[in-house]
Each structure stands twice: as C-alpha cells, then as structure tokens.
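Encoded as structure tokens, the structure appears first; notes follow it.
The shown structure was predicted, so the numbers you read here are calculated from the model rather than taken from an experiment. We name chains A, B, ... by the order of the sequence lines, and we start the count at 1 in each one.
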Amino acid sequence: MIKCLNLKKIYPLKSALGYAALKGINIEIRKGEFAAVCGPSGCGKSTLLNILGFLDIPTEGKYFFMGEDASSFSDSKRSFLRRKKAGFVFQSFNLLPKLSVIENAMLPLLYLGVSRKDAHKKAYSLLERVGLSSKSENDIMELSGGERQRVGLARALSNDPEILLADEPTGNLDSENSLQVLTLLTEINKERKMTVIMVTHDMKLAAKAERIIKIKDGEIQE
Amino acid sequence: MRFSEILRIALIEIKAHKMRSFLSFFSISIGVISIMYTLTLIYSMNYRLKKAIEVAGPGRINVELKKRWEAQSDMEKKQGREALTYQDAAALSRVFPQLYMVSPYMDKWVEFSDGYFSDYIGVRGITPQWKKRGWVYKLKGRFINEYDVQNAQRVCVIVKEGGWIKKPKWMKFYSYKDPLQNYVKHSELLGKTIKLGSGLFKVVGILEEPPAEKNPRSFVGVGMWEPKVLVPLSTAQKFLSGWSELGSDDIDGIHVDTGDPQTIEKYKRLIEETLKSLHGKKLLFNIKDYREIMKDQMADKKRDMLTVMIIGAIAILAGGIGIMNVSLAAIYSRIKEIGVRRAIGADKKDIMLQFMTEAMLLGFFGGLAGVIVGFIGIQYLAYKGDQNMAMLSWWMPLAAIAAAVFTGFAASIYPAKTAANLDPIEALRYE
C-alpha cells in the first residue's frame, strides 16, 4: 500500500548545503500492517511520518500511496487525502480546547461535509469504542492525559482512514495509560485491518508492533 | 465543510472574545449610522426634488428680471433700463401657443385692512394661468378669471393656510403667527370687501390649503415665499398703491411650463431670443431652469450630507482596519489550531473561509448594532421635526448592513490569506 523510493528531505539552511533529515528511505508497508518507526530524536522519523501522512512533500524521491505518486500532489490534493485517507494521533494530543470532547472527535467528519447529526452519531460510537462515551459533552480541559489521547484516537478514526499515523502517541503519558493507548492501537489494527504507523523512541513499545523500522540519521537500519 | 459549521465556529470564536469583538465592530456601527443618515438624506432630497418639480410643473422655467448687482459689466448696468412687461408674457403665449403655462406675476407690498385689523402684506398680481401648476387648494367662491384681468377688476383671492393635523413638537416653540392668517382663520371673508392699500377689493374666493402634512408645497419646503393674497395682474399694476420700483406695465417675472422636461433647453433658448428681439440690450433678465433653482436651494443640505458621509467613510474604514487588526492578532493566537485543522483535512479554502466568515460576522453585528441605534436616532430626529428623516425606508438599513459586511469581507482577505498559507507542519509545531 505504501512504497517509498529513495525518499529524501532536505531542509534549506542559511549555509550552503542544507540539513538532510531523510537521506534516501526505501520502505514498503502492506495494507493492514502495524509498523513501528523508532530511532533517537532528530533521526528524521517525524519527518517521514509527515510525508507518509501527506502533510509534507519530499525534496527528492517518490512516495507511492495505493499506486499513486503522492510526492507531487498539490496542497489541496494532499488536504483531500488527509481528510479522506489518513488519521493522525499526536504526542501532544492537539485537541481544540474551545470544543467539547465529541465536537473534537467529529471535526474530521465535518470537514468531509457530513451532516452534524450523522457526524455526532459516528463520533459517539467511536468514543464508546475508546471508553469515553460518558464524557462526550465534557470540555477537553476536564480530561486526563490518557483520556485526551483516547479522544485524539477517536478523532483520528472518525473518517475511517486507510492509514493511522501516530507520532509518539504515548510520549506524554504514564506507563499505565501508554499501555492502554497501545492496546487500543493494536486492537484497532486487528479489528479494522487498518494500516497503523507509529513513531516512537521507546523500544519496549515498539516491540508490540508487527514490524519495527529503525531509523538513524535519516537512514533505515532494519 | 458545511457553511453552517463554519458559521458555528465563527460564533464560538466571537463569543470567546467579547470585548475584542465589541471594540472591532464599534466603529463599524458608527459608520453604519452615518451611512443610514446619509442615505435617508439623499433619498429624501431626491424625493423632494421630484415632488417639487411635480408641483411646479415638469418643464418649469422662471424668467426673472436680473437684479442690478447681478449685471456683468458697467455697460450692461447703464443699458439695462427696461423691465419685463405684461406684453412680453402675452407675446410668449402668442408666439409659442404650445407652452402649457405662461404665467406672468408681480408682487407689491401694501397694507391690508378690514375693520380694526390691518397688516402690511405681500400681494401678487396674476392671470388665470397661475392655477395651471401647483394647484393643491380647495376653492371656495371663484378664482380670478380672464374678465377680471382684462378689465382690471378690483377683486382678490385669499390663500388660507391648512394648519397641521397634528402639530409637530418643534412647531410649538415656533411662536410667530402670521397675523393675516390668524385673521383669515377667524373671520368669514368670502364676499366681503376689504382694503388693499387705498383701494377697496372684493374677496371673491378663498383658496384653502390642505393640512401641512398633506400639502406637497409645504413638504417641498423649498423656502420660496409666496404671497397669500392674489389679485388680477392688471389690477395690481393700476390700482395697488403699494411700493414697487416697476413702471405701469411692468411685471416681476414670468413662470413658464413647457409641459415636458425634454423641451426645457429648447424653450430657454427660444424665449431668450424672443425677449431679446423685443427689448434689445435694454432688458437684463435671467432664465432659470426650475430644477437648477431647486438644486441650489438644496446645496446646503448637500454639504451637510457630504460631511456626514465622510465621517461615515472614515468610521467604516477605521472599523475595517480594526477588524483586520483583530483578525491578524487572532491568527497568531490560533496558529496551533490552524495546524490541527489542516492536519485533519482542512484545506486552505476552509481556513480562509473560516477567518473571512468571522470577520464578516463581526461586520454584520457591527452593522446590526449601528442600524438599531441609527434607526432609533433617525426616528427621534423625524419626531423632532426633521422632515428629511421621515423618509427612512426599509432598504436603507439593509444597504448599511451590506456595507458593514462588505467591510468585514474586504478587511479579512489579507489575514485570511495569511492564515491559509501557514505551513501546516510549522503551525502544528508552534507552541
């Protein structure tokens, strides 16, 4: 489903050469796979995730998503793919504090043009799945970190994405909550045959995934 | 994203920053008030112009003697010895029988006396042509006819003011009462003989004006003084002993109505040529298009209007800048949010639309507040007797609100573009 050919990302610097975050990545990820991308901080794993999630474009190389070359897509095409095919889970949750729990969870659906009523129904069932249906009308500020990340997960799942991209989903959580979120991720991967790509620097967590992709200094060391 | 959702987000955002929102639409409100005021004035002035022309005649031209100080050169001043005469008016209607109205007139100041009552008043000498335009009266008795004019009959017609159905407040403080009108109101003069100057005149008719509210003449309110006692023109020339600088056959002016606004220019030229051929260079006169006269009289109001309009424009501009400023500030406090929305699938258009909707909504609320305050204010002015303000109509608030919303729109283009063009990754990383 995902195929990267010699993917490079070079950030321009004031000095002549620029900083190479990715130095030619070649990976293939099949549908339904649960892959953990790990490596020390600054190795380029987040950059890779951003490219895989259509947030960023590579400087060089090709990124094939379901057979299409996504590395040359326009901003609006990539926005469409994010809206339709990808779900993001962030380290710092990135929930909107002005909205309630359920409103956060249904936001991607609203961007897809789904009616408020249908979006509400869908989001509620997802909140049930992550065990937060009783707090659906609460403010984000009233939730604990673990709960917030579960809302983030519900939000990422609301558009039934092809791939779920999690950037250090447990980075801000204690071990108990980390485990809970990770369990949810694996369950969802199994239940829905959903491709999950998780970035982490914690090898113990990565070990729970089917496949580990190690990155160091912008290169794969599988 | 559906528009209802975008609107909902915008409302949440405005509600979250009440003071900021209020400040940015405050000045828009002021702008809207002045727009409404200006629109009302423009509308009312146009309406009055139309009404005035309707009453005065669509093809109205006034031929008047030039005042001495209006003469251009010394030569003109020396030569200009002649005045318009009744014969000129007669010649005009003979040469141009197609003219709807050729109404010569002259004014004299005389003493009106009846029994113990006496007052100095203006009396106008006219011909039956007078009633062809501006006839808003109810006639009791009869009007001056051709026979009266040809035989210089000593008859007169008195105009009786209609008063008010409901006197406006400001009129109550206006203490002056025309003594003659007061006398006419309280005595039955029709058929009586009264004294004008040293001559005796029979009152053959009373012209009753409609109440002021329904009288287009009073609504027109163009400050044209008109005498309230009318006599045949020839009688005024021969028998009125009041003071006038005119000779025995002279008149003050001729009111002409061509019957059609299209022909005004043509007849202005023709009448000028005719009068010049009759008098040569000895007659100094003006031919004025009535619409020009009206416009002159409205010039004062126009200046007021312009001032208010400029204030309004500045206020709206300031409001627009306020909205722009707030929107720009809002972007920086919402970079993270923009990043999140972009990550979960919002495209540039969605972000842009959201910021613009917010700004337009601010404009709308500002406009609404302005319309409410402006509406109350204008109603108050109308109640206080500003007749212009009574002309407020339903579309003006709408136009004012539209202007406010447009201001919000225009002011938000740049901030919205800035927000939409933020790099989603940078925005997400922003703390």
Side-chain angles (χ1 to χ4, degrees), chain A residues 9 11 21 46-47 49-51 53-57 73-100 103-120 140 152 154-159 161 165 167, chain B residues 1-21 326-327 329-358 361 416-431:
Chain A
K9 181 73 188 180
Y11 290 108
S46 288
T47 308
L49 199 77
N50 286 340
I51 290 174
F54 319 107
L55 268 172
D56 209 348
I57 44 172
F73 281 165
S74 68
D75 185 271
S76 63
K77 189 85 192 280
R78 281 186 287 121
S79 297
F80 174 77
L81 281 173
R82 288 200 296 274
R83 189 155 70 223
K84 198 92 182 160
K85 309 274 186 195
F88 278 96
V89 179
F90 304 93
Q91 176 175 6
S92 52
F93 324 126
N94 284 347
L95 300 169
L96 300 183
K98 278 171 208 153
L99 304 181
S100 70
E103 278 175 324
N104 265 286
M106 64 203 255
L107 202 54
L109 290 168
L110 297 178
Y111 277 114
L112 275 172
V114 176
S115 77
R116 200 170 173 82
K117 209 177 132 200
D118 293 346
H120 195 278
I140 294 301
R155 180 178 70 184
L157 292 172
S158 64
N159 58 342
L165 300 143
D167 190 355
Chain B
M1 188 177 247
R2 296 187 177 197
F3 188 68
S4 60
E5 282 308 316
I6 293 177
L7 212 61
R8 183 192 297 266
I9 298 169
L11 279 172
I12 289 174
E13 200 56 40
I14 288 174
K15 236 169 98 182
H17 306 283
K18 288 191 193 75
M19 190 61 189
R20 199 167 78 183
S21 306
V326 164
S327 306
I331 290 174
Y332 294 113
S333 63
R334 286 164 70 188
I335 288 183
K336 186 90 178 176
E337 178 193 331
I338 294 166
V340 172
R341 287 183 185 276
R342 292 281 274 140
I344 61 172
D347 59 16
K348 288 184 179 182
K349 208 181 68 211
D350 289 319
I351 302 293
M352 212 165 145
L353 213 59
Q354 189 181 321
F355 273 86
M356 293 185 92
T357 307
E358 243 174 79
L361 216 57
K417 266 209 158 122
T418 312
N421 285 331
L422 284 175
D423 179 21
I425 301 165
E426 295 284 323
L428 264 177
R429 216 176 281 155
Y430 187 87
E431 288 301 332

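- Going from atom CZ of Arg341(B) over to atom CG of Leu107(A) covers 5.0 Å, rounded to the nearest 0.5 Å.
- Counting heavy atoms of neighbouring residues, nucleotides and ligands inside a 6.0 Å radius, atom OH of Tyr332(B) does not exceed 12 of them.
- Atom CZ of Phe73(A) has more than 12 heavy atoms from other residues, nucleotides or ligands within 6.0 Å.
- From Asp423(B), atom CG reaches atom CG of Asp75(A) across 9.0 Å, with rounding to the nearest 0.5 Å.
- Annotation: the span from Phe90(A) atom CZ to Arg429(B) atom CZ amounts to 12.0 Å, rounded to 0.5 Å.
- For Asn94(A), the parts lying under 4.5 angstrom from a heavy atom of chain B are both the backbone and the side chain.
- Contact of Leu110(A) with chain B is made through backbone and side chain together, with heavy-atom distances under 4.5 Å.
- The two residues Pro424(B) and Leu55(A) come nearest to each other via the heavy atoms CB-CD2, 3.7 Å.
- Most heavy-atom pairs under 4.5 Å with chain B, from the set Pro161(A), Ser115(A), Ser46(A), Gly87(A): that is Ser115(A).
- Neither the backbone nor the side chain of Phe54(A) comes within contact range of chain B; no heavy atom of the residue lies under 4.5 Å from a heavy atom of that chain.
- Glu103(A) places none of its side-chain heavy atoms less than 4.5 Å from the side chain of Ile9(B).
- Taking CD of Glu337(B) as the reference point, atom NZ of Lys98(A) lies at 5.0 Å (rounded to 0.5 Å).
- When atom types are taken as modelled, the side chain of Arg82(A) and the backbone of Ile344(B) share no donor-acceptor pair closer than 3.5 angstrom.
- Between chain A and the options Asp350(B), Ile6(B), Ile12(B), heavy-atom pairs under 4.5 Å are most frequent for Asp350(B).
- Asp56(A) touches chain B through backbone and side chain together, each having a heavy atom under 4.5 Å away.
- For Ser92(A), the part lying near chain B is the side chain, with the backbone staying farther off; criterion is any non-hydrogen pair under 4.5 Å.
- Of all non-hydrogen atoms in Ala346(B) and Ser79(A), the two that sit nearest each other are O-OG, 3.8 Å.
- Chain B forms the most heavy-atom pairs under 4.5 Å with one residue out of Lys84(A), Arg155(A), Arg78(A), and that residue is Arg155(A).
- For Arg8(B), the part lying near chain A is the side chain, with the backbone staying farther off; criterion is any non-hydrogen pair under 4.5 Å.
- For chain B, the nearby part of Leu99(A) is the side chain; its heavy atoms alone come within less than 4.5 Å.
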